[in-house]
Amino acid sequence: YNKELIRNISIIAHIDHGKTTLVDRILEITSAIEQRKMHEQYLDTMDIERERGITIKATPVKVMYTADDGKTYEINIIDTPGHVDFSYEVSRSLAACEGAILLVDASQGVEAQTFANTYLALENDLEIIPVINKIDLPNANIQETISELEDLIGFTEEDCIKASGKTGEGVKEILKAIVDKIPAPSGDSGAPLKALIFDAEYDKYRGVIVHARIFEGTVRPGDKIMMFSSGETFEVTEVGIFTPELIPADSLSAGEVGYIIAGIKEVSSARIGDTITSADNPISEPLPGFREVKPMVYAGMFPGLPEYYGELRKALEKLKLNDPALVFEPENSPALGFGFRVGFLGLLHMDVVRERLEREFEIAVILTAPNVVYRVKMKNGEIVEITNPAKFPNDGEFEEVEEPYVELSIITPSEYMGNIIGFVTSEKRGEFKEVENAGKNRVVLKFIAPLSEIMFDFFDKLKAISRGFASMDYEIIGYRPSDLVKVTILVNKEVVDALSFIVHKDKEYAVAKKVVEKLKDLIPQHQFQIPIQAKSRGRIIARTDIKALRKDVLAKCYGGDITRKMKLLEKQREGKKRLREIGRVTIPQTAFLALLKIG
Ligand code: GTP
């Protein structure tokens, strides 16, 4: 153990700018993983991550690198997730490091998360090494990318390393810069223990495996540790390092990154950002920056078949062991029966949870359209947090409603600036704040806008307006009062609580109209006419009718080949699992998400 020979770094980048590929190359060059084990994208371990090509969980790895001075350095690379849903994890991973490699795809230039992550790194006082990546691409625009980095962040051309994670060009220079430019960690291995939890995972056999960065002191098996935020204590049974496989060690000391196993049963006891200290000799001040992660969006989740309620509960409990950001409580919907109100960090998180339920637990679920958390001041002065539109108080029962707002940054070629400002301010209730130049033909636009307006279909529309060139990032800045109303939907004259939604008064009619029309397309015809109505503040504000139809599914295939008929029947059976009878009307899963694409 020689602190001077340790470097703790993170790699930060906009999504798809090549982080995982670069780490793979570094692993190969330093031979951390034997060649035969080497497969593409070693660090993205979850199936879903690999298929979607996105990093969700940060995975650390330690490599040994012998520099020109003949000394062998230990480099801990802490990979960070790239999606805005997981920005708190990025920030905590960065807090575990002294330096960061900032990767910018030379064919894309600086994008919104490049910027956002750089700021997180600067806030954490990290030494940043800018790297222009993917220089092997024929459309790489190296000079333009450098000038954007100069304009936006203030790097110089000499600071920037030109590299390709694909061909390996420049990767040795990156390793050299890590050793030369990034400071060795400070800290005293003899001081009382002070360690940062930057991640935690649940293992079926060993319980929670805490990923920690030791700032002060030493931790060994047998030590009693304490979680600073909760005061819970545990006895350490094993410590070790990531290669990225877990290799046990005798101890972890100030400056080192590794794992701690201590008979912890649930990930919620080892919260990301919390400080670990010694139970017998605790420190008085924790490391800075810990906050509770609060879910930002809620949706109703119901088992595809009602009899799967118990299994769904068990599956959610299992997922939660590994995912402390997931919260849920039972919900009973008159329309959908027994289910859960589930809180997520964002829509990607919601999608990942739904997919894991289907893949790992084989449970199909009905999800209702997600909503943000509203804060309502009631007439009696009480403040209630509303996570379910169906529970939103009626007009006249409350004084004021607040909803979460964000600061939104959009980076775009200047030619789309006018249309983007128009879109955000007139369609999305945004307030334009400022514009800043970024390189030759690009600008950074800043807005304040309600989270509910930018969370759902915003990004798709932004991409359409900018022909795919704009990128965005946002940060929650708090709650602000807003003129909101609840709209309920009636199908065949019956209220379907799971279809209720909250909308700004100015958009009430337009959105209600779109929703009933969308539902008309999504709910199949029945043998009787079905009115679909939207009601707000006591009045019906929109209505459509689904015409009656006698429909024989097999009629279409009459005389056709038998396998096609079989397939159709099979498909129907599949689909049935996720249909719900409301009164006499059958409503498919898609209808409950109708609101997602509107607004
Ligand atoms: P997230 O984890 O989602 O943030 O993505 P990432 O930054 O880890 O990107 P990843 O390494 O998955 O690379 C994204 C895509 O770019 C993949 O298709 C890679 O094959 C490709 N890619 C990465 N590095 C290079 C490079 O240096 N040159 C070229 N030509 N392609 C690259």
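Ligands are counted one by one from 1 in listed order, and the atoms in each one are counted from 1 as well. Side chains are part of it too, since the values below use all heavy atoms of this structure and drop only hydrogens, waters and symmetry mates. Residue numbers start at 1 and run along the sequence shown.
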Audit row: Ile129, Ile174, side chain to side chain contact (heavy atoms under 4.5 Å, CB included) steps and yes/no: CA-CA 8 Å; Ile129 300 172; Ile174 296 175; 5.6 Å; no

Lys318, NZ: over 12 other non-hydrogen atoms inside 6.0 angstrom: no

Ring centres under 6.0 angstrom apart (Tyr65, Tyr73): no

Structural part of His17 in contact with ligand 1, heavy atom criterion under 4.0 angstrom: backbone

Gly18, any N or O under 3.5 Å of ligand 1 N or O: yes

Numbering as shown, the atoms of ligand 1 that approach Ser164 to under 4.0 Å (heavy-atom distance): 26 (C), 27 (O), 28 (N)

Structural part of Ile135 in contact with ligand 1, heavy atom criterion under 4.0 angstrom: neither

Polar proximity ligand 1 side, Ala13 side, N/O cut 3.5 Å exclusive: no

Thr21 neighbourhood, listing ligand 1 atoms whose heavy-atom distance to it stays under 4.0 Å: 10 (P), 11 (O), 13 (O), 19 (C), 23 (C), 24 (N)

Tyr479 atom OH, neighbour heavy-atom count above 12 within 6.0 Å: yes

Worked verdict on Ile12 versus Ile101 for side chain to side chain contact (heavy atoms under 4.5 Å, CB included): CA-CA 6 Å; Ile12 53 181; Ile101 293 172; over 6 Å; no

Close-contact set for ligand 1 against Lys19 heavy atoms, below 4.0 Å: 4 (O), 6 (P), 7 (O), 8 (O), 9 (O), 11 (O)

Criterion salt bridge (Lys or Arg N to Asp or Glu O under 4.0 Å) on Arg429 and Glu453, from CA distance to verdict: CA-CA 7 Å; Arg429 297 194 281 136; Glu453 295 284 352; 2.8 Å; yes

Close-contact set for ligand 1 against Ile15 heavy atoms, below 4.0 Å: 3 (O), 4 (O)

Output field: ring centroids Phe344/Phe328 closer than 6.0 Å: no

Candidate with minimal heavy-atom separation from atom 21 (C) of ligand 1, of Gln113, Lys134, Arg25: Lys134

Per-atom contacts of ligand 1 with Leu137, taking only distances under 4.0 Å to non-hydrogen atoms: 30 (N)

